[in-house]
Every structure is written in structure tokens, then in C-alpha cells.
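Since we're looking at a predicted model, the values are computed, not measured. Per chain, numbering begins at 1; letters A, B, ... match sequence-line order.
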Number of protein chains: 2
Amino acid sequence: MRRPTMTDVAREVGVTAKTVSRVLNDDGPVAVETRERVMAAVRKLGYQPNLMARNMRVGARDAAIGLVIPEMGNPFFGTVAGGIESAVRARGLTLIVGSSSETPELEQSLIAAFLARRVSALMIVPSAASDHRHLRSERVAGLPIVFLDRPAVGLTADSVVSANRAGARSGVAHLISYGHRRIGFVGDVPAALYTRRERFQGYRDALEAAGLPFDRTLVDTGHDADAAAQATLRLLALPAPPTALFAGNNLAAMGAVVALAKSGRKEVALVGFDDLPLAEVLDPPLTVVAQDPEAIGVAAAERVLLRLDGDRSRARGTLVPTRLIVRGSGEQPPRG
Amino acid sequence: MRRPTMTDVAREVGVTAKTVSRVLNDDGPVAVETRERVMAAVRKLGYQPNLMARNMRVGARDAAIGLVIPEMGNPFFGTVAGGIESAVRARGLTLIVGSSSETPELEQSLIAAFLARRVSALMIVPSAASDHRHLRSERVAGLPIVFLDRPAVGLTADSVVSANRAGARSGVAHLISYGHRRIGFVGDVPAALYTRRERFQGYRDALEAAGLPFDRTLVDTGHDADAAAQATLRLLALPAPPTALFAGNNLAAMGAVVALAKSGRKEVALVGFDDLPLAEVLDPPLTVVAQDPEAIGVAAAERVLLRLDGDRSRARGTLVPTRLIVRGSGEQPPRG
DNA sequence: TTGTATGCGTTATCAC
DNA sequence: GTGATAACGCATACAA
């Protein structure tokens, strides 16, 4: 009933564990006949090597990379993970993923779980309000750590993030180029999260570059799609409502789309940050500043692989460019 | 530079490794003062317990559950994973997820990686054309294995799947109840995958129950949204085109939506299997047979926890009900 | 070509 | 309350 060990296989064949080890690891010479008998015994007993024991003996870390994402169901993070996985797989590394549910406590306990399993590297999409000072000793010990989507807090480390500020700026500039002067911002509380701060800054950058005033009343926020829809309705109900909206994230964009559709205000121009699956079949089709989650994952994986290869140069921040996808909703001129 | 071990901590305090172990595991008596000094040394040295060594010594399996999904970026599987994680977290288990990219080879190597790490249980969303005979010995050895979304092939094991056939039948019956007699099926090759076979069967069930003939020319397939759009256009171009369409999965539904919108044939009724994020803001809003991925994950997790608690009863197949969400596209009467 | 002795970091057992 | 010793499953170093 016990799971067979290398010794069990050895006994079955009538050799020593070391010989079995040699066969399994292609290490050192072994007679052809012995090899075959060992392999037969391995199959017969259903032997599975114990990676934990192996890694411990070799003193090596586990050939796995730990990835922490805030949310599994979010296709953005899922696609990031997919990009990482395909990039590290070629190197024989296994990606193991855990989700923090956007809470610092779970993030920390996940990181601890990965460290306890002696992963070869850590990749982290930080949750809001988390702090990474506790990882300093790991950094010093040479463990590769890369932060994705949002930079580390309290720690100097590699990071790979979207060009949030430049992207938002280009989206708002796009609206301005179509003649809009009153552009609303629908998003999430800017202060909480790095990406939101950056995108909000990009919004202000674009206004400033065009010589337009910043009007705080044109900024409203909501945590999810429903709340964003409410925020949109409030903006439209202003005495001097905006003629265009910029949505700071995909949930905000969904909320805005729903609100505009249900209130029959489809003439209001809209540009969203982050693409949506059905953006092109909406009425009007949604113009977005698209991120490239797969590219973020691949870039982060390449950085980790470099570090694993011994690159000890100083921490680097990588910006992954965004792309403006013109579909219709952002090219409607001001009305009313 | 070396990572500190329990012995390092012990030396720092002037005790034995066993004492440190006692402190860290709340195992056996230890003087209050000793405990405090140990904890201080742990913090000072940044000691992280080595789970590999611990598990090896204890002979226990890793307090982790291995989950194999076909695709990380797919929100359906992501949400399933989220459901599992929240359910197993309460038991102190860590969920580690890997993606097979829908290929049997990667699926097998991922499973091997999990087995080599001695996970406590295995949860698998099988990829197309994979076979699970090789897991028989693990089943016999008592390793809990649960299959999700699609049942195992060549292995008797627990499974948790959507009520695909009944769900598809209800969706098509819905269309029939609005007077449709020629209902097209847009999907993926039915034979390849369990879910597709089942949904196709549900389609045929509904026709038969209503006394409608099965017309093979009304069935067309496409692997992705673009191909499904092409399939939709082919169906609409038939001499006697369908007045309603049933889409066998969410990609097929997206393709059908795009094709209907772009060809100006919005009067054609449409019901999709599997919900879409923006279904309600489409024109017309999309009626769907929705699955409950979170419920699938939770149900599977509960089954695994039961098995871990020693339940040795025979393998059980759990059906998670679907839900018809009426939004408009499926309630349009036949025209032309 | 194969075997023996040893140790990885941890905990079980039993002694003090 | 604490320590000494052995053992988990495997690979390294060296011997045969």
C-alpha cells in the first residue's frame, strides 16, 4: 500500500538504489540489461520519483516558479499566467499559480508557501495595499523576484508593467483630437492602486497637454461594473455633462457601456482602458487602449530566466506598450 | 549566503534543532523563555522552514492540491479554479495550478510534476483526446482524483460536470417554444470532446421531443469565434435557412453574434451555451444557458475534501445544473 | 559496471 | 524541558 521508493525498485531488480538512480538520471554507466530490468521494475511497481527528496539531496531549489495573482477568474491575469508558462516551459520549469484574492494577508501566506517549497523564482502581481519589505532577505539571498502589472512596495526589484500613464494619455488625447473639451473619467479610487494612479495621471497629462482645465466634478468612481454604471449616470446628470468618457479599467468600461446603452446616450464618446472580448460587436463598437497581458507575462518570464542564468545587474523596470484600438465609440464628435 | 536551517537557528539560540522544531510546530513542552529566544532568532536570521524536508520526514504528502486546466486565460477555468481555491483554503491546503494547453502530453507531464511533488490530491480538467489509464495505480494507492468539466477516460473516478445535455436541451426547447422549427446548431466538432458531444445530443433530444426532424445541413462547426462566424454565415445562406440558432459554446456564440450583427440579420433568434461578460448589452441581449463554474469548483473541492477525510465509497459523478438566462435574443419569433 | 558510506533538513523516539 | 540519535528518499564521492 505504501508508495514504492527507489529502494523498492532496487530490491525488485536485485541491485542497489544507486544503480536505479543511475538509470533514472542517465548518470554514469549502466549495463544495457540492468537498465532494462530497472525500467521494467519501475513500470511494474508504478514508481514515481520523489522530487522533494531529490531536491533536498541535490541542494537545488525546486524546478518550479511560484506566481501570485490577485484573481484566477480574471482573464487578464490568466493570460499573463499563460504567457509566463509557455515561456518557462521550454526550460523545463513548472509554473505553479496561487491567487491572493487581492488581500495582502493571503498574498503573504501564498508567498510563504512558495518559499517553503523552495521555488526557483517568485513572480508576483501585488494586491492593493501590500508591502514587500519582508522579501528583502530573499532578494539578497539571490532569489529572482519579478513584479508584474504593478511594482513592488518597499523593495527594489524587477518589474514588468503596462505603460499605464502613456496609454491613458493617448486614449484621452484621442478623444481631444475629435474635438471633446469636457471629458469625464470613470474609474476606481485613484489613490489605492498603482495602475489606477498612473492612468489617472495619464488622463490629467492629456488634458494639460491640450491646455484643458482639470475639472474634479468630471471624475467619478466605482469599484465594479455596477458602481461604474452608477458613476456614469451621475456624470451624465451634471448641469454641464461631459461629451466624452474615459474609463480607467475594463470593469469601469463595462459599466459605462451598460449605462450609456440603457439611458439611450450612445452619442457620448467612450474610450476604455483594457480590451473586452466583445468590444467590436457593441453598439457602437468600443474603442480601447488595449494592454498586452501575454507580452507582460513573456517579458517577465524572460527577466526571470536571465536572473536564473546568473544576471546580477540592478533591478530593472520594463514598460510594455499599450495599443489604441479604434472601433467607433471613441470617434464620435461632441454633441449637445 | 546560504539559507538558514533549523540547525542554524538552534546554534544561534544555544539549543538543539529539536527544540526549535518543537517551538515552530507547537509540539511538546518548551520553556516560555526558550520559545521567545527561538522566535527572535527565527526573525533575526529570516529562517523559512523547508517544507520539502518536513514532508519527507513526516512521510506525509504535500499539503497542496494539484489542478490541471487546459487554459489559463479562459475565465471559465479560472473561475472554476477560484471556486476550488476558496473551498480548500479553509483546510490549510494550497492550490497549485498548471495549464495543459489542451494537449495530452503536457497534461501528462503536469500530472507527473504534481505526483513527483507528492500533492495530496489531483484535480483534472482533461484535455481533448487524453487518456487516464496511467492514473489507475494512484487511484488504487488512495490518491483522491477528481475530474472536472469532462469525465475521465479509461479510469473510474469522481467527476463534477455541468448538466450539458439537459442544459442544451432546455435551450433548444426554449427556441422551439417560441415557434421555431428550423434551428441551426453552431458548435465545435461534436465527436472530439465530451462536452460538445453532450450538448449536441441535448440539441437532438429537444428536436426529437418536439417531433421535429433532425436536419444535418443545419449543423455547422468552427473551432474559434471567427470560424463560428463563418459557419453562421454559411447556415444563413442556405436555401432554407434556420430561423434560430443554438451555439454550443461561448466562442461559437461570440462568432454567431458577430456574424448576425455584421450581416444585419438580428432577427434570427439565438441562444448560446455558456454566459458571456457583456451578454446583456448586446443588441439584442443574448439569451444563454449559463454554467456555474464556481459551483463546479466548489463541488469538486468538497468531493476531494471528503476523500481526504477517508471516504472510500465508489466513484461518483456529480452534475451541476445549468440556468437559462432569458435576455431577448432567444425570444424572437421565426421570421421569413 | 556496480556498491558503500554519508549527508541534505527535518521530526520521532527515547533518554536524561 | 531538553538533547542524542536515527531515519525519511535520494544523490555525491569514492571504492571495488
Side-chain angles (χ1 to χ4, degrees), chain A residues 1-39 41-42 45-63 112-120 141, chain B residues 1-39 41-42 45-64 112-113 115-120 141:
Chain A
M1 222 47 216
R2 213 181 85 263
R3 177 173 306 270
T5 76
M6 206 169 242
T7 316
D8 295 328
V9 176
R11 188 171 28 241
E12 175 85 13
V13 181
V15 294
T16 301
K18 179 60 212 171
T19 303
V20 178
S21 166
R22 275 195 266 262
V23 172
L24 264 39
N25 297 304
D26 265 327
D27 170 37
V30 62
V32 189
E33 197 219 319
T34 313
R35 141 169 273 104
E36 278 167 4
R37 283 169 52 220
V38 166
M39 294 309 289
V42 163
L45 299 183
Y47 169 75
Q48 292 267 3
N50 186 329
L51 252 195
M52 298 193 299
R54 173 176 218 288
N55 286 331
M56 201 171 94
R57 173 63 241 236
V58 188
R61 311 192 65 88
D62 191 356
F114 287 151
L115 290 177
R117 286 176 178 76
R118 298 296 188 262
V119 294
S120 296
Chain B
M1 220 49 213
R2 213 180 85 265
R3 178 177 305 271
T5 75
M6 205 169 244
T7 316
D8 296 328
V9 175
R11 189 171 26 241
E12 175 84 13
V13 181
V15 293
T16 301
K18 180 61 202 171
T19 303
V20 177
S21 168
R22 274 194 267 261
V23 172
L24 264 39
N25 297 303
D26 265 326
D27 171 36
V30 60
V32 190
E33 196 218 319
T34 311
R35 142 169 272 104
E36 278 167 6
R37 282 168 54 217
V38 166
M39 293 310 288
V42 163
L45 298 183
Y47 168 75
Q48 291 269 3
N50 187 330
L51 252 195
M52 297 194 298
R54 170 174 221 288
N55 287 332
M56 197 171 98
R57 172 63 244 224
V58 186
R61 311 193 65 89
D62 191 356
L115 290 177
R117 286 177 177 77
R118 299 294 187 263
V119 293
S120 296

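The separation between B:Arg11 atom CZ and C:dG9 atom P is 11 Å, rounded to whole Å. Between the CG atom of A:Asn55 and the P atom of D:dT12 there is a distance of 12 Å, rounded to whole Å. One atom, CZ of B:Arg117, and another, P of D:dG9, lie 19 Å apart when rounded to the nearest Å. For the pair B:Met56 CE and D:dA6 P, the interatomic distance rounds to 17 Å; values are reported in whole Å.
Side-chain contact between B:Val42 and B:Val23 is absent, with no heavy atoms from C-beta onward closer than 4.5 Å. Here the side chains of A:Asp26 and A:Arg35 are in contact, with some heavy-atom distance below 4.5 Å. Side-chain contact check for B:Asn50 versus B:Arg3: every heavy-atom pair is 4.5 Å or farther apart.
When the side-chain contact (heavy atoms from CB on, under 4.5 Å) test is applied to B:Asp62, the partners found at least two apart in sequence or on another chain are A:Arg117, B:Leu51, B:Asn55, B:Ala64.
Closest heavy-atom contact between A:Arg61 and A:Ser120: CB-OG, 3.8 Å. Listed here is the closest heavy atom pair of A:Leu24 and A:Tyr47: CD2-CE2, 3.4 Å.
Test B:Lys18, B:Arg54, B:Arg22 against B:Asp27 for salt bridge (charged side-chain N to carboxylate O under 4.0 Å, His left out) and you get one pass: B:Lys18. Just one of B:Val9, B:Asp8, B:Asn25 meets the side-chain contact (heavy atoms from CB on, under 4.5 Å) condition when paired with B:Val20; it is B:Val9.
Within the structure, every side-chain polar atom (N or O) of A:Thr19 is placed at least 4.0 Å from both OP1 and OP2 of C:dT1.
For the helix from C:dT1-D:dA16 to C:dC16-D:dG1, the terminal axes (five pairs an end, C1' atoms, rotation from four pairs onto the next four) enclose an angle of 40°, given to 10 degrees.
Of all nucleotides listed (C:dT2, C:dC8, D:dT2), D:dT2 comes nearest to the side chain of B:Ala31.
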### Query
Just by protein heavy atoms under 4.0 Å, how would nucleotides 10-16 of chain C read 5' to 3' in B, S and -?
BBB----
